[in-house]
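Shown next, in structure tokens, is the structure this report addresses.
A, B, ... follow the sequence lines: proteins, then strands. Residue 1 opens every chain.
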2 protein chains.
Amino acid sequence: MSDAPPLPGAPVRGSKSGKPIMALFDLLGRNWAMGILWQLSGGPLSFRALQEACGGVSPSVLNKRLKELRACGLVAQNGGYCLSAQGAELFTLLKPFGPWAEKWAEGLHSPPPG
Amino acid sequence: MSDAPPLPGAPVRGSKSGKPIMALFDLLGRNWAMGILWQLSGGPLSFRALQEACGGVSPSVLNKRLKELRACGLVAQNGGYCLSAQGAELFTLLKPFGPWAEKWAEGLHSPPPG
DNA sequence: GCTATCGCTACTGAAAGAGTAGCGAATCGA
DNA sequence: TCGATTCGCTACTCTTTCAGTAGCGATAGC
């Protein structure tokens with residue numbers, strides 16, 4: 001498939017519905033996309049700092065994700081990378097995943113009741 | 001990498017932090033993972049119905065995702081597939097992405113003000 | 001000039017995904 | 001009982017994506 005970011009309205013990786021939610025899932029479902037938003041929520045980061053924060057992800061993938069996220073209006077670049085207004089808005093939806101993941105991790109280590 | 005699902009505490013695709021949130025992002029960041037949760041939120045679906053709902057995703061990928069999501073306690077199987085209690089809980093966090101994606105799609109088709 | 005860092009590109013080998021065909025089991029109607 | 005259909009799922013091939021590494025041109029400090 002092309003290198004185009006999954007704009008809503010256009011067909012999505014493996015789906016032709018073009019539903020905005022599916023385009024968003026396609027965008028966020030690419031490796032490190034959500035991790036990048038997560039790391040940028042703490043403030044602007046340079047390319048290499050972001051790469052470091054993402055566990056040393058390869059620069060080719062990082063650059064690809066950043067281009068996609070910028071094309072979709074979630075990430076801005078004014079000397080270093082940061083969340084756009086929309087990106088910050090999306091992060092407010094993403095934020096509760098943090099504490100939920102903690103709870104979820106505990107539940108996986110102790111067997112469920114019943 | 002192995003076929004193991006990204007359990008929190010264990011290293012994650014491309015990251016060694018083992019942070020629950022990163023494990024969750026790794027799990028949800030695989031193709032169709034969030035789409036499957038989204039479709040199952042409407043009620044139980046058979047394998048083929050789910051495959052249809054996901055735009056004809058290939059059965060090999062669908063089965064792989066379902067195994068991972070079951071191993072991580074998000075999807076249950078009692079004749080047909082459905083969200084587990086935890087999966088339903090996670091969906092409540094995922095749900096606001098729907099209307100947000102709609103708004104986001106509009107913003108991409110009309111230029112930003114200013 | 002030399003060194004160091006920056007953003008980013010190019011390459012290679014490995015992994016994941018798309019797409020298709022088809023199996024064994026259950027279900028249906030005749 | 002038989003054939004046809006549907007089911008969950010596996011196996012295979014081909015393409016895309018990703019990880020990992022090396023290195024470029026530009027900038028900054030010494």
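In terms of phosphate contacts, B/Asn63 brings no side-chain nitrogen or oxygen within less than 4.0 Å of OP1 or OP2 of D/dG8. At least one side-chain nitrogen or oxygen of B/Lys67 sits closer than 4.0 Å to the OP1 or OP2 atom of D/dT10. Between D/dA19 and A/Asn31, a contact under 4.0 Å exists linking OP1 or OP2 to a side-chain N or O. Close to D/dC9, at under 4.0 Å from its OP1 or OP2, lies a side-chain N or O of B/Tyr81.
Across the protein-nucleic acid pair, A/Glu52 atom CD and C/dC8 atom P stand 17 Å apart, rounded to whole Å. When the C1' atom of C/dG7 is taken as reference, atom CG of A/Leu66 falls 11 Å away, rounded to whole Å. C/dG17 atom P lies 12 Å from atom CG of A/Asp26, rounded to whole Å. Atom CD of B/Glu68 is separated from atom P of C/dA15 by 16 Å (rounded to the nearest Å). Atom NZ of A/Lys64 and atom C1' of D/dA19 are 12 Å apart (whole Å). Protein atom CG of B/Leu62 is 17 Å distant from nucleotide atom P of C/dA16, rounded to whole Å. The distance between atom CZ of A/Arg30 and atom P of D/dC18, rounded to the nearest whole Å, is 7 Å. C/dA15 atom C1' lies 12 Å from atom CZ of B/Arg65, rounded to whole Å.
Only A/Ser46, A/Phe47, A/Arg48, listed by number, bring a heavy atom of residues 39-50 of chain A to less than 4.0 angstrom from any atom of DNA chain C.
Comparing D/dT21, D/dA19, C/dA18 by their closest approach to the side chain of B/Val61 singles out C/dA18.
Between B/Phe97 and A/Phe97, the ring planes lie perpendicular to each other; the angle is over 60°, past the 30° to 60° tilted range. Between B/Phe25 and A/Trp38, the ring-plane angle classifies as perpendicular under the 30° and 60° cut-offs.
Salt-bridge check for A/Arg65 with A/Glu68: passed, with a basic side-chain N closer than 4.0 Å to an acidic carboxylate O.
A/Trp100 is not listed as a side-chain neighbour of B/Pro20, based on a closest heavy-atom distance of 4.5 Å or more. At a threshold of 4.5 Å between non-hydrogen side-chain atoms, the residues A/Leu50 and A/Val57 do not count as touching.
Among the heavy atoms of the strands, none lies under 4.0 Å from B/Gln51.
For the pair A/Gln51 (side chain) and A/Gly56 (backbone), a donor-acceptor distance under 3.5 Å is absent.
Each of B/Ser60 and A/Ser58 was assigned the nucleotide of DNA chain D with the nearest heavy atom; the assignment lying further toward the 5' end belongs to B/Ser60.
Atom CD of B/Glu52 sits in a sparse spot, with 12 or fewer heavy atoms from other residues, nucleotides or ligands closer than 6.0 Å.
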